[in-house]
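Written out below as C-alpha cells is the structure these notes cover.
Side chains included, hydrogens not; waters and symmetry mates left out as well; all remaining heavy atoms used. Numbered from 1 within each chain, the chains take letters A, B, ... in sequence-line order. Being a predicted model, the structure only gives us computed values, none of them experimental.
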Amino acid sequence: MSKRIIEQNAETLIFELSDQNRRSSSLAPDIDINDACNNLPEHLQRKKKLQLPQVGELQVVRHYTRLSQKNFSIDTHFYPLGSCTMKYNPRVCNTQAQLAGFTSRHPMAHSSMSQGVMSCMFDLQNMLMEATGMKQVSLTPMAGAQGEFAGIAMIRAYHDHNKELQPDKEPERSEIIVPDAAHGTNPATAVMSGYKVKEIPTNDQGDIDIDALEKMIGPQTAGIMLTNPSTLGVFERKIKLIADMIHKAGGLLYYDGANLNAILGKVKPGDMGFDVIHMNLHKTFSTPHGGGGPGSGPIGVSERLQPFVPVPIVGRNEQGYYWITEKQLPLSIGRLSAWMGNVGILLRAYIYALLLGRNGMVRVADFATLNANYLLKRLMEADFEMAFPERRASNEFILTLRKEAKEYGTTAMDFAKRLLDYGYHAPTTYFPLLVPECFLIEPTETESRDDLDAFVETLIKIRDEAEQSPNLLKDAPFELPVRRLDDVKAARELDLNFYYSKC
Amino acid sequence: MSKRIIEQNAETLIFELSDQNRRSSSLAPDIDINDACNNLPEHLQRKKKLQLPQVGELQVVRHYTRLSQKNFSIDTHFYPLGSCTMKYNPRVCNTQAQLAGFTSRHPMAHSSMSQGVMSCMFDLQNMLMEATGMKQVSLTPMAGAQGEFAGIAMIRAYHDHNKELQPDKEPERSEIIVPDAAHGTNPATAVMSGYKVKEIPTNDQGDIDIDALEKMIGPQTAGIMLTNPSTLGVFERKIKLIADMIHKAGGLLYYDGANLNAILGKVKPGDMGFDVIHMNLHKTFSTPHGGGGPGSGPIGVSERLQPFVPVPIVGRNEQGYYWITEKQLPLSIGRLSAWMGNVGILLRAYIYALLLGRNGMVRVADFATLNANYLLKRLMEADFEMAFPERRASNEFILTLRKEAKEYGTTAMDFAKRLLDYGYHAPTTYFPLLVPECFLIEPTETESRDDLDAFVETLIKIRDEAEQSPNLLKDAPFELPVRRLDDVKAARELDLNFYYSKC
Amino acid sequence: MPYIPHTPNEVEEMLRVIGAESIDDLFDEIPQELRIDLEKSTGLNPIPLGKSEMAVQRQLSEKAMLDGTPLCFAGGGAYEHHIPAALWELATRGEFYSAYTPYQAEASQGTLQVIYEFQSMIANLTAMDVSNASLYDGASGLAEAVLMAVRANRKAKSKRILMPESVSPVYRQVVETIVKNQGITLELIAIDQTTGTINREHAQQQLHNDAAFAALVIPQPNYFGSLEEVHQLTDWAYKQGALVIAQVNPTALALLAAPGNWGENGADIAVGEAQPLGIPLSSGGPYIGFIACKQKLVRQLPGRIVGRTVDLDDKPGFTLTLQAREQHIRRSKATSNICTNQGLLATAVTLYLSFLGTDGLQKVAASCVANTQKLIALLEKSPEIKFPFGKTVFHEFVVQLDVSVDSVLERLAEEDIVGGINLSQQQVASQSVDANKNQLLICVTETKTEEELRFFSETLIAICSEISSLSNSEGELS
Amino acid sequence: MPYIPHTPNEVEEMLRVIGAESIDDLFDEIPQELRIDLEKSTGLNPIPLGKSEMAVQRQLSEKAMLDGTPLCFAGGGAYEHHIPAALWELATRGEFYSAYTPYQAEASQGTLQVIYEFQSMIANLTAMDVSNASLYDGASGLAEAVLMAVRANRKAKSKRILMPESVSPVYRQVVETIVKNQGITLELIAIDQTTGTINREHAQQQLHNDAAFAALVIPQPNYFGSLEEVHQLTDWAYKQGALVIAQVNPTALALLAAPGNWGENGADIAVGEAQPLGIPLSSGGPYIGFIACKQKLVRQLPGRIVGRTVDLDDKPGFTLTLQAREQHIRRSKATSNICTNQGLLATAVTLYLSFLGTDGLQKVAASCVANTQKLIALLEKSPEIKFPFGKTVFHEFVVQLDVSVDSVLERLAEEDIVGGINLSQQQVASQSVDANKNQLLICVTETKTEEELRFFSETLIAICSEISSLSNSEGELS
Ligand SMILES: Cc1ncc(COP(=O)(O)O)c(C=O)c1O
Ligand SMILES: Cc1ncc(COP(=O)(O)O)c(C=O)c1O
C-alpha cells in the first residue's frame, strides 16, 4: 500500500507567478509605448494600472500544461455524459481546420479569395440537409441554444407573417409546448422569443401524454419543441400523430437535435414531420467540446420556413459560390453572429462528415445504439434499476439509484463522485428532472466493449462500497486534485475574480 | 488527510487492447491485400503472422495521452539534470520547423527546390562558426557522441595524412588523453576511432593535474578531449597552457561542447586553442530532448582540420546554395548519416538562434551562470556540502551527500527519488564518478528565482526527513505512478519484448 | 469502420446479451414507415461514401490553398494579430480540447481554474468587478448586454436602448434579431459627420421622445476607428438614469481608459469581442464574446460563471457557481438560454494574456497605433485620398476615395490583398454612411512591416488612379 | 529578455546572495585574454540581433514556401507515406517532447512504456527476439550492426564484411566512415545486371580470398527496389559460419518474409530505417535507425534498452536495463558510444504502428505495390523507357532512359515534381552502375492517386522525347 505523505498543493494561480517588473517575452513587438500614446488624446488614455500576469514563457507553458492534466477528457477518460455525446474527436479535423488558408481568412475577404472555404460550407449545408431531410440549412447558429433561438424566432416570424397577410383568420399564437423532460434551453429559448411555455407531462413509458397534449393544443399554440429520441433515452413512437395534431392546430414542430446521434441515417427529422430543427455539431458531428464550447448549432427548415432562415448562407451559381443575405431573403429573421457563425467548427464537422460518408453516418447510429443497449442490459442484469426497463435505449438511457439512496443513504451524486475516483467521468446526474436520483448514461459509438464492461464492474463495486462503507461514496472523490468542493460557499461568498478583493 | 483507497493500476500495454479482428481505421488505403501480393514472389512473402496492435483510434489516442502524463518534462517540472541543459524548448521552434515546405522536402530533391532549407542551414553554419570561433562547421553529426566520433576521426585523418606526407618525421600516434571526470562518450569514442585511452586525474580544485599531464604527453599523443567548463562544473583556468603543451607535442585538442551553455558569448572554444569541437544543439540551442533524442551534434574545426570535415555541408555562390561533398573535399572523413543529419532539429536550433540573436546568446551564459551560482550559494548557506566550494560554478555545480549518507544511511539516490515525490526531477546522480554520493545540478537560465528557492527548501525538508524518518527516502517515491523499480530483476530476468515469451 | 472499435465477434456477443438478432432490431420502436431506405434515392445517396484520412487531408489542403494567405488590411470587428506559437499547441491539448463543460468540478479543475483566471483578466482589463466565462461572440454578446441592462435597470422600467450608429452595423443587426421579440427597441443615434463619433446633440434629442431609456451603448474605439468621448457620454447617461454598456476592443484597453473608469461612475456593463486576443481570423468564428459588470449586477449576468471555493479538506478549488441564473436550473426564467459557450476560446484568451502580460499587450496596442499612423502618413501623400473622420484613431480609419470602393477591393484582391471593408456596401448600410461616398474602412495592426505598409499604400494609390483614369477615358470615349 | 524570467530586482538580490557585484564577476575565473569583447569585430557581430517571434515566424514561413510541396517520386531510403494526423499532435505533447532520456525511471514511465512497446513492435515486425530503443538512422544503424556482428562472431575471428552493391551506396559510405578505423573491411559483392540483385557467384568468389568473414549484409528490398533471394543467401552465409545482417524496409515487412524467418535459421541482426513509419521526409532527418537481434546476441546490442520489471509493491513498471553495455558505465569498453538516440521518433513509430495495426500496415504496403505496378504499366507504354532490372519490385524500380537523367530531373523540377534519384550521379557511384546508362530510381507509395501517376508518366515521357528531339536537332545542326 502506498502512503500519501505529501499533501498535493493547490495549483498556484498565474497571477501569483507574476512580477510587474518582468520583461521576458519575444512575443510582442519592441516599441516605446509612450511614443505611440502621443497619438491618443490624453484624457481617453488608460489611467488604471493593468494587472495582467507578467510571467516567463516557460512558466506559462508549465502552468497551463499542468492545469490541463487536471481535466478528465475524452482523450483520457471514458466520459458517458448523457445528452452530450462525448465521442472521439478525430484529430485530423483539428489539424486540417487549422491550415493557414482557413485560419487566416478575414470574414470580409473578397469572395474571389474565399471560394475554398465557401465550397466547404456549401457542401456541408447540403450534407446536413440530406441527412436530416430538411429543405434548407443555415449554418450560422453558434450552439444548440442559438439554433433553438433561431428556430423559435422563425416559427414566430412565420406566424407573424401569416397574421400580416391574413389578420382576421390567424389567431394570436402565444404558446410553445415543451415536454417536462426537455432540456432547460428549450423553455428558456421560447421565452426569449416572447412565448409562454406550456409543460406537457410524460407517461410512465417515457412517451408524451397524448390526452394531455390534446387538451393543451389550441389556436394559441405556436408550436411544440421535441427531442426524439427524447432526453429520457427513448424514441417517441407517436411522433407522426403528434405532428398531425400540432399541424392541424396551425402550430409548427421544432426538433431539438441534441440526440441526432441516435438516429443518423435511420430516420430523418423531416420525415417525422418537423418543420425546423437544430443540430449540435459538437455532439453528432464530433467537433470538440473544448471544456464548454465552442459548439455549432446549424438549423434546418422545411419548405414553409425557408423564407425566414437566418443569414448568411452560401449559394452557388455559374460564377462560383456567393453569399445569400437579407437582400435575397428579405423575410429572414436576420443575423445571429457578426459573420456566419463558428466557421472553424463547421469545417471540423465538414471534415468529419467527409471521413464518415453516408455509410459512416449510419454506422454512428448503429453502434451508439448497440453500446447503449448493451450497457443497459448489462446493468439490468447486475440489478440496477432502469427508468424504462421495457424500452429500447436510444443512444442513451436512464438509471435510477433511488433504491440505493434509500437503503444506503448514498445519492446519485455520491455515486458520481466515486466514479471519478475510479477514472470514469460521471454520467449526467439529476437530469431529466423527473426521474429521481438518476444517471443519464450515453456511452457513444466510439467506446469499446471492454471499456463498457469495466464500467459495469466499477458500478457494481461502488454499490458494494455503498452497502459496506457508504462514506467512501459520501466523502468521494479521494483520488482527484481536490476533494468534494463546497458549492454552497462558492455561491454565498462569491469569489469570481482574483483581483476583486484586491483592487 | 486524503485516503488512498484505490490502487492505481499499471497502464495496460497497447497489445492488451488489441483484437486481431478489429478494423477500425480510416488511416490506411482501402485495398485488397492479396491482390497486391500477387505481384510478389510467393516464397519471399511473409509467412509469420504480424502481431501489431489492432486498436481503435480513440483507444490509441487515449492510451498514449495517458502515458504521456506519466512523464516528468520541462513543460511540467523543474528538471535540473546536470550536463543536460534542460531549459525551455520554445514552441515556435517546433511549429515553424513543422511547416509543410520543410517536412515534405525529400533529401534528394533538386537544389532548385531546396534553396529555402539550404539557406537556413548555411546561416546556421555561419552563426555557429561565429559563436564558437571555428573556421568551418559541419552540421551532419546526429548527436553529441557522433560529433565526438567525427572529431576524433578527423584528428586521426589529420595525423594519418601527415604521416603519409612525411612518413619519417611523423610518429605513430595512438593515444587520446581524457580526464577522469569526462563523460562516458569520450573514452568510448576514442576507442571507436582505434585509439587507446589515457585517463588524466583531476586535482582537488577540479582542475587537470598539470604534472600528470606533462608526464602523459608524448609523440604517441594524438590529442586530448576536454569539456570546459568541465563536468565538474568549473572552468579549466589553465586551458591555454594545456593547449600549448598538447600542440607542442603535435597533438590536437578536442572540445566536448556539452557545456557550451555556460560560456556562449563569453569565450570561444576556438580562442582557447581547440582544434575541433562538437556542440549539443539539444542542450545549448534548446532543441527538444524528446525523451532521449533526437539530438544534433554539429562539429566545428580550426583551419588545419578543414579539409577533413564530414560532408555534406552547404556552400553558396552566385547561383545560390549548393552542396559541398567529397568531390570538393576529397580528404573528408566521409558521411555520418544518409543525408545531412537531423535537419528538422537543425531547423529548430536555427530558429532558436534567430530568436536569441547575439544579444540573447550572451544572456544565456549570463543567466545560466547566475542561476547556478545562486543555487550553489543558497545550498551552501543551508549547510550542504559542495565538491568545489571555493570555485565559481559554471552553468552547473556538484553537491555531495556523503555526510548525509554516513549519518542517516540515505544515499544520493534516495534523495533523488524523494525529490520526485515533491515534483522535482532529480539532478544527475553519481556523475562524475569521482565525487561520492554526488548531485550534478544544472538549473539553466530559464528557471525563475522562485523556483530555485522552492527547490532549496525542498532539499532542506528532505534532509530533515532523512534525519527523522530515513525510510521516507529509502522507500521513495510514493507519489508517482510506480514505486521504486527493481533494476536488478530487470537485468536478470530480461523482459524486453511483450511477444518474446509468447511467440 | 473508422472510429468504431467493435469486432464482429464482439457485436455478436453484445447482441446476444441484449437479446436481439441484429443491430437493426434495436431500432424496432421506430415506426417502419419513418425509417430511411438506404437503397432509395430519398436515402442518403447524395452524401458521398466515407473517405480515407489521406484523401480528406488532400481535399482540404487544396481548398485551403485556394484561399491563400493574403495581406490583410480589413478589421471591422475581426483583427489579425500575432498569436504566440505556443498558444494553440497548449489550447488543443486533448485535456482541454476534448473535455465537456466542467459539470464535475473535481474532474475539471484544469478548465475551471483557467476560466477563473480568464474572468479575472477580463475584469481587470475592463476595470469591472466580475466577468462571466464567455458568450458566443461580440455581436451576440452585445445583445445579451442589452437584455441584461433592461432586466437590471428596474428604475428606468424602459425597454428602449440608445444605440449609436458608430456601433458596427452588423452588431446592431444581430442585437435587433435577438432582442426584438422581447419588445425591446433600439433607438439609433446619428454620428457627427466630421469626427465619426456619436452626435451628442442627436442623443439629447432622443430624450424628448420618451424620458426614460434603459441603457446607452458606447463603442470604444467605434466602428470607424474613432475615439468616443466616453467620459462625457457616461456621465450624461447616468444623469438620465440609464445604464452604460461599453462595447470595447480588448487590445485597445491596454492603452485606452477602461470602462470601469469612464466618467464619474464607470460603465455598468462591458462587453466585446475577445478574438483579437489570440484567436485567428478564421472567416469570423469561432470567436468569443466577453461580458463583465459591476458586482451588484452579477446575478443578472448571462452564461456560466466560475467561482473559487474550498474542498472538504479546506483546500482551494474551483466550481461553476450562481447556476440558479441558468437555463438548466431556472429554465424559462433563466437570464439567458446560453448553454454551450466558447470555453476553448476562453482558454486561448487566457493563454494569450498570460504570454503577453501587461507589458506585451501594451506593446501590441502601441504598435497598432504606430503602424496605423504610418499608413495614414503614406496615404496622405495622395490628394485623391481623404480622411472624412480625421486621424485620431486606434487602429482603424476611414478613407474616402474618388472611385468605386468595390472596384478597388476587387483589384486589390487580384494582388492578393484584402484591402479593407467597403462601408457603403455593408449588409445593412448605416444611415449615416452615404453609399455614394466611396468610404473604405482600413485596419492596421502590429503584424504589418514597413515594406508591407509601403507596398499597400502604393498599390492602393496606383489602383485608384488607374481606375479613375480608366473611367475618365471611358467618359471621353462615350 | 526572451525566455529569461528574471526581474532586475531579483538579479540584484541574487547577486547579493552570491556576493558578487555583477553577473560579469561570475566569469572572473576565465582568463581575461580569452573573454569575447563584444565591441570588437571578432565578437559576435556577424550574428544578427534577436528578433521577435512574429518576425522569425514570417522569415521561416517564407523559406518553407520557397521549397514548396512538390509531387515526390524519390525514395532511395526516404519514403513519403501518409502520417495519421493524430500522430504528431501526440508525439509533440510537452511531456514527450521536452523530457530527457528516462534516467529517473519512476518519473518517466510514459516514455519507458512507449519504448518497451516500440521494442516489442520492432521485434515482432522483424521476427527477431529483441530490439533496442533506437539508433540515429538506417545508415549509421547498419554501421552499428556491422560492428556488432564483428564483436559477436567470435568463431569467425574475422573483420571482413560482405557488402553487396545492392545496398544503398550512401549507406555503404556511412558504414565505411564509421567502421574503417577499427580495421574492419567491407568486401563488395557485385550485382547481377539483369535482376539488380546480389550476384551469388561473385559472393562465392569472395570466399576464395580469405575463408572467413564475419557477416553478410542482405538488403530487402534492395536499393534498386528488387527483391533478394533472402532464404538462399541466408542459408549460404550460415554455411560459411558468417552472421547475417538483414537491412530491411519496415513497411515492406508487412508483406515480405521477416528476417527472423529467412532461410533455416533466420538472420542474426535486423537493421533498418524506420522513417517510413510515421516520420516526415524533412530533408533526411531526424529519422530513426532500428536494430533487432536474436536473444543470444542481446549483450552485444548498442544503445539503450528498456526492460519490464516490478516496483517495491510488485506492480509492473519499466526501466532502462543492461546499462553495463553502455558508455556511461562501461566507458571505453562500451558496445557503442551512442548516448542520445532518437527517442521522440521511436515514440512516433510506436504511435504509427498502433494507429495502423497489422491490417493497416499491410494495406499501406499493398497499396505501395499496387501503385508501383500501375506506374510501371503506364511507363511501359513508352518504347524509350526500359526496365533494366525487371519489374519484380516492392515500391521502387529502375528505369533506363535514352537521355540524360540530370536534364530530365531538372525539367521535372520545373513542373514541381521530384522525379526520382539519378543513379549515375550518386555521390559515390556504385561500381555496378554505369554512369552512361542514364538510370533513374523511381519510388511510388500509397500517397499517389491515379491522376498523379498518369500526370507523372505523361510528363516524364514528354520530357524525355522533348530532350531527345532537342539533342537530335542539335546534332543535326552541328
Ligand atoms: C437536449 C439538449 N438540447 C439542447 C442543448 C443545448 O445545446 P448547446 O449546449 O449546444 O447550446 C443540449 C446540450 O446540452 C441538450 O442536451
Ligand atoms: C559532457 C557530455 N559529453 C557528451 C555527451 C553526449 O552527447 P549526446 O548525448 O548528444 O550524444 C553528453 C550528453 O549527455 C555530455 O553531457
Below 4.5 Å from any heavy atom of chain B, which atoms of [X] appear? Answer side chain, backbone, both or neither.
{"X": "D:Tyr100", "answer": "both"}
{"X": "D:Ala366", "answer": "both"}
{"X": "D:Leu253", "answer": "both"}
{"X": "D:Leu60", "answer": "both"}

Indicate the ring-plane relationship of [X] and [Y], choosing parallel, tilted or perpendicular according to the 30° and 60° boundaries.
{"X": "D:Phe318", "Y": "D:Tyr116", "result": "tilted"}
{"X": "D:His6", "Y": "B:Phe367", "result": "tilted"}
{"X": "B:His43", "Y": "D:His231", "result": "tilted"}

For chain B, the option from D:Asn261, D:Leu66, D:Thr340 that forms the most heavy-atom pairs under 4.5 Å: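 Greatest number of close heavy-atom pairs with chain B: D:Thr340.
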Considering only heavy atoms, which portion of [X] lies under 4.5 Å from any heavy atom of chain D: side chain, backbone, both, or neither?
{"X": "B:Tyr374", "result": "both"}
{"X": "B:Gln146", "result": "both"}
{"X": "B:Met86", "result": "side chain"}
{"X": "B:Cys37", "result": "side chain"}
{"X": "B:Arg237", "result": "both"}
{"X": "B:Thr185", "result": "both"}
{"X": "B:Ser25", "result": "side chain"}

B:Asp35, CG atom: more than 12 neighbouring heavy atoms under 6.0 Å: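 Enclosed: over 12 neighbouring heavy atoms sit under 6.0 Å from CG of B:Asp35.
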Criterion salt bridge (charged side-chain N to carboxylate O under 4.0 Å, His left out) against D:Glu29, the qualifying member of B:Lys266, B:Arg391, B:Arg392: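 For D:Glu29, the salt bridge (charged side-chain N to carboxylate O under 4.0 Å, His left out) test succeeds with only one of B:Lys266, B:Arg391, B:Arg392, which is B:Arg391.
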